[in-house]
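Right, one structure below, let's go through it.
All figures in this text were calculated on a predicted structure; none of them were measured in a lab. Values below: all heavy atoms of this structure, side chains included; hydrogens, waters and symmetry mates excluded.
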Amino acid sequence: MNLYELNAFVTLSKTLHFAKAAEEINLSASALSRIITRLEEETGTDLIDRSNRKVELTPNGKLFAEFAKNTTALHAKFTLIILTSLKCF
């Protein structure tokens, strides 16, 4: 998994809608679905419930959404710190 995939999952977890999330991150809904499937394969668990027309996070999906949010936020913070420190020289 990478930051792009984590960000895609965070976006889906906020919108709970494949088409809206895909549009927000400039992907097709099918490409986003493939990312989510890869994440589920990598984590070894279902992250979303596809049993009805709505997208719902599974309990593990909710945990993973928190992980993904925290990871992407830490990356953004780290990037800001690095960029800020580079401007000091």
Side-chain angles (χ1 to χ4, degrees):
M1 81 187 62
N2 58 46
L3 288 167
Y4 184 77
E5 292 171 335
L6 292 178
N7 185 57
F9 188 81
V10 169
T11 304
L12 180 61
S13 74
K14 289 179 184 176
T15 64
L16 297 176
H17 193 279
F18 271 96
K20 289 177 184 176
E23 182 179 335
E24 198 171 312
I25 56 175
N26 298 313
L27 283 178
S28 67
S30 62
L32 176 58
S33 181
R34 286 191 299 274
I35 288 173
I36 302 306
T37 298
R38 279 195 306 271
L39 289 171
E40 289 177 323
E41 289 171 356
E42 192 167 342
T43 59
T45 188
D46 291 336
L47 300 174
I48 61 168
D49 182 3
R50 294 178 174 91
S51 64
N52 55 32
R53 293 188 50 83
K54 289 176 30 179
V55 173
E56 293 181 9
L57 298 177
T58 64
N60 286 337
K62 291 176 184 176
L63 289 172
F64 189 78
E66 285 304 310
F67 162 77
K69 287 175 195 172
N70 290 337
T71 302
T72 55
L74 283 171
H75 179 264
K77 184 177 181 179
F78 177 74
T79 301
L80 181 61
I81 290 168
I82 294 299
L83 291 175
T84 303
S85 70
L86 290 175
K87 291 180 183 178
C88 294
F89 294 105

### Query
For I25 and A8, which heavy atoms make the closest approach, and how far apart are they?
CD1-CB, 3.6 Å
### side-chain hydrogen bond (donor to acceptor under 3.5 Å, both in side chains) partners of residues 9-35, not counting sequence neighbours, each pair once
S28-S30
### ILVMFWY network linking V10 to L47, side-chain heavy atoms under 4.5 angstrom
no
### Query
So do L57 and F9 actually touch side chain to side chain, heavy atoms under 4.5 Å?
yes
### Message
Test your reading of the model: is there a side-chain donor-acceptor pair from N7 to the backbone of L3, 3.5 Å cut-off?
### Response
no
#### Entry: Sidechain N-carboxylate O distance under 4.0 Å for E41, R38
no
### Query
Would a 4.5 Å heavy-atom cut-off, applied to side chains only, mark L74 and F78 as touching?
no
### Task
State the CD1-OG1 distance between I48 and T58, to the nearest 0.5 angstrom.
8.5 Å
### Task
First locate atom CD of E40, then atom OG1 of T43, and finally report the distance between them rounded to the nearest 0.5 Å.
6.5 Å
### Message
Using modelled atom types and a 3.5 Å cut-off, is there a donor and acceptor pairing between side-chain atoms of E5 and backbone atoms of I35?
### Response
no
### Query
Residues two or more places apart in sequence or in another chain: which of them pass side-chain contact (heavy atoms from CB on, under 4.5 Å) with F67?
M1, L6, F64, T71
